[in-house]
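Here's the structure we're looking at; comments come further down.
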Amino acid sequence: MKRPSTLFIAHAAMIGAIYVVLTLVFAPLSFGEVQIRFSEALTILPYFTPAAIPGLFVGCIIANLLGGAIPIDILFGSIATLIGAVFTYKLRNSSRFLAPLPPIIANTVIVPLVLYYGYGINLPIPLMMLTVGIGEVISCGVLGMIVLTALSKYVHQIFGRQQTSVSK
């Protein structure tokens, strides 16, 4: 197994740190049955670099820990972000407009189950899927696409040799 480069680790750490800061700065909106987690806009970054996958996963774990989430949320909420990041990376050679779909879908399905079974929020799961899904569309679909478009112009300067896709 090949060891990750220092640049890969640095990119992952920076992405994770930014995820944590954005989640905690906007904490009132980042947690709960109606949430817009602005840090989820970063889940488009695997489109550009595989370093974003561990960065987002670890960043989500740390943000959930520091944000006071319960263990089931720390685990499954972070897994939802990991699933979204992995599938965004897998879609890197397709249309850039598909990049936000995996995190939107993963979080829309998993987070309401955590809210219902973990926190005991007594709202219908489909309603929470709707509210979490709307938040994900705002954070990943709208803000994430703004980030993707802005970074597309500077991808070589930011990610260097790790850049694995071309904007379409």
Side-chain angles (χ1 to χ4, degrees), residues 15-50 52-64 67 69-70 72-119 121-155 158 165-168:
I15 290 166
I18 294 167
Y19 187 98
V20 171
V21 169
L22 285 174
T23 301
L24 297 178
V25 165
F26 296 104
L29 295 173
S30 297
F31 299 95
E33 59 272 11
V34 177
Q35 59 180 260
I36 301 171
R37 191 174 273 202
F38 294 110
S39 52
E40 286 288 303
L42 301 176
T43 58
I44 57 85
L45 293 178
Y47 182 82
F48 298 116
T49 176
I53 297 169
L56 291 166
F57 180 58
V58 173
C60 189
I61 290 170
I62 294 169
N64 286 344
I70 62 173
I72 194 168
D73 190 4
I74 294 165
L75 177 64
F76 288 103
S78 301
I79 288 173
T81 297
L82 176 63
I83 290 168
V86 167
F87 283 95
T88 296
Y89 179 74
K90 289 185 177 290
L91 291 174
R92 71 190 179 280
N93 293 320
S94 60
S95 171
R96 67 187 181 118
F97 296 104
L98 296 177
L101 289 181
I104 290 171
I105 294 166
N107 283 286
T108 298
V109 171
I110 295 170
V111 172
L113 297 173
V114 169
L115 293 171
Y116 188 82
Y117 294 109
Y119 290 99
I121 295 175
N122 197 18
L123 291 173
I125 291 173
L127 176 63
M128 287 191 285
M129 286 180 162
L130 178 67
T131 61
V132 170
I134 290 169
E136 285 294 310
V137 167
I138 292 168
S139 59
C140 300
V142 176
L143 298 176
M145 286 305 294
I146 291 169
V147 170
L148 188 143
T149 301
L151 290 180
S152 292
K153 298 174 187 173
Y154 307 102
V155 69
I158 296 169
S165 68
V166 178
S167 297
K168 295 179 179 158

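Since this is a predicted model, take the numbers as computed values, not measurements. Note that the numbering runs from 1 along the sequence shown for the chain.
- Side-chain N or O atoms of Y119 include one that pairs as donor or acceptor with a backbone N or O of I70 at under 3.5 Å.
- Atom CD1 in I62 sits 11.5 Å away from atom OH in Y19 (nearest 0.5 Å).
- Note: T108 OG1 to M128 CE = 12.5 Å, rounded to the nearest 0.5 Å.
- With hydrogens and angles disregarded, a donor-acceptor distance shorter than 3.5 Å links the side chain of T88 to the backbone of A99.
- Considering CZ of F57 and OG of S78, their distance stands at 6.0 Å, rounded to 0.5 Å.
- Residues S152 and F48 approach most closely at OG-CZ, 3.7 Å, considering heavy atoms.
- Here the closest heavy-atom approach between residue I104 and residue C140 is recorded as CG1-CB, 3.7 Å.
- With sequence neighbours excluded, the residues forming a side-chain contact (heavy atoms from CB on, under 4.5 Å) with F87 are I83, K90, P102, listed by chain and number.
- With rounding to the nearest 0.5 Å, the separation of CG in L29 from CZ in R37 is 11.0 Å.
- Taking both residues in full, the closest heavy atoms of I44 and A41 are given as CG1-O, 3.2 Å, listed atom of the first, atom of the second, then distance.
- Closest approach of N107 and A80 over heavy atoms only: OD1-CB, 3.5 Å.
- A 4.5 Å side-chain heavy-atom check between V111 and E136 finds every atom pair outside the cut-off.
- To the nearest 0.5 Å, the span separating CD1 on I36 from CD1 on I138 amounts to 4.0 Å.
- Contact between P46 and R92 at its shortest, heavy atoms only, is O-CB, 4.5 Å.
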Take Y47 and L148 through the test side-chain contact (heavy atoms from CB on, under 4.5 Å) and record every step on the way to the result.
CA-CA 8 Å; Y47 182 82; L148 188 143; 3.9 Å; yes
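- For the pair L151 and L45, the minimum side-chain heavy-atom distance is below 4.5 Å.
- The two residues G84 and A106 have their closest heavy-atom pair at N-CB, 4.1 Å.
- Every pair tested for side chain to side chain donor-acceptor pair (under 3.5 Å) that includes a residue from residues 125-135 fails, sequence neighbours excluded, so the list is empty.
- Interatomic distance, N64 CG to D73 CG, rounded to the nearest 0.5 Å: 5.0 Å.
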